[in-house]
Amino acid sequence: MASIKDLKKDVNNVLGDLIEAVYIVEAANGKGDTKEGAQIIDSAIETFDDLIEKINSRKIEDKKKHFSAIRTELETKAKGLVDKINKLS
């Protein structure tokens with residue numbers, strides 16, 4: 001199933017890029033590791049774990065609807081994390 005594989009890659013890439021963005025913003029501001037940055041990273045990791053668990057769930061009735069909801073949740077949570085990263089500056 002290519003769609004599940006692609007969805008897992010999307011989750012990994014989006015959240016990985018957000019974690020990297022935290023490090024870049026902190027380095028650019030000369031702050032090093034901050035408490036706020038660590039909280040954003042922890043939130044991204046929790047989101048990753050939660051979404052991967054939902055993707056791997058076997059108790060699904062309507063796969064198309066289920067995976068569509070996961071994509072929507074990824075977008076929503078990623079936007080929230082981006083807002084937090086922007087406040088780091």
Side-chain angles (χ1 to χ4, degrees):
M1 293 204 120
S3 64
I4 294 174
K5 185 177 178 181
D6 290 341
L7 182 56
K8 285 182 179 180
K9 283 183 181 180
D10 289 345
V11 168
N12 188 41
N13 290 337
V14 167
L15 296 173
D17 289 346
L18 291 174
I19 291 171
E20 185 177 350
V22 171
Y23 290 125
I24 291 171
V25 168
E26 288 180 339
N29 292 332
K31 293 182 181 178
D33 294 335
T34 63
K35 184 178 175 184
E36 297 84 12
Q39 290 174 343
I40 294 170
I41 292 170
D42 289 344
S43 180
I45 292 169
E46 289 173 15
T47 300
F48 175 83
D49 291 342
D50 182 47
L51 293 177
I52 292 297
E53 184 177 325
K54 288 179 182 180
I55 292 170
N56 290 332
S57 176
R58 298 287 181 204
K59 299 176 183 178
I60 304 169
E61 301 236 353
D62 184 2
K63 288 185 178 186
K64 186 175 182 180
K65 185 176 179 181
H66 177 73
F67 293 130
S68 178
I70 292 172
R71 281 195 187 278
T72 303
E73 185 177 350
L74 173 62
E75 290 174 15
T76 303
K77 290 189 176 187
K79 286 178 184 177
L81 290 171
V82 167
D83 290 340
K84 290 179 183 179
I85 292 170
N86 289 336
K87 290 178 183 176
L88 280 178
S89 312

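We count residues from 1, following the sequence as given. Hydrogens, waters and symmetry mates play no part in the numbers below; they use all other heavy atoms, side chains included.
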Next on the checklist: Do V14 and I24 sit in one hydrophobic cluster, given that two such residues count as connected whenever their side-chain heavy atoms are within less than 4.5 Å of each other, even indirectly?
Outcome noted: no
Item to check | Check against side-chain contact (heavy atoms from CB on, under 4.5 Å), V22 and L81 | outcome: CA-CA 10 Å; V22 171; L81 290 171; over 6 Å; no
Checklist entry - To the nearest 0.5 Å, how far apart are CZ in F48 and CG in L74? => result 11.0 Å
Checklist entry - What's the spacing between D10 CG and L51 CG if we round to 0.5 Å? => result 11.0 Å
Checklist entry - Can you tell me how far CD1 of I60 sits from CD1 of I70, rounded to the nearest 0.5 angstrom? => result 6.5 Å
Checklist entry - Hey, what do you get for CG (D50) to CD1 (I45), rounding to the nearest 0.5 Å? => result 13.5 Å
Checklist entry - Is the shortest distance from a Lys or Arg side-chain nitrogen in E73 or K54 to a carboxylate oxygen in the other one below 4.0 Å? => result yes
Checklist entry - Any sub-3.5 Å donor-acceptor pair from S43's side-chain atoms to Q39's backbone N or O? => result no
Next on the checklist: Testing the basics here: between A44 and L15, what is the closest heavy-atom pair and its distance to 0.1 Å?
Outcome noted: O-CD1, 3.7 Å
Checklist entry - Under a 4.5 Å cut-off applied to non-hydrogen side-chain atoms, are N12 and K8 in contact? => result no
Next on the checklist: As an exercise, state the distance from NZ of K79 to CG of L18, rounded to the nearest 0.5 Å.
Outcome noted: 12.5 Å
Checklist entry - To the nearest 0.5 Å, how far apart are CD in E36 and CD in E26? => result 8.5 Å
Checklist entry - Looking only at heavy atoms, which two atoms of L88 and V25 are closest? And how far apart? => result CB-CG1, 3.8 Å
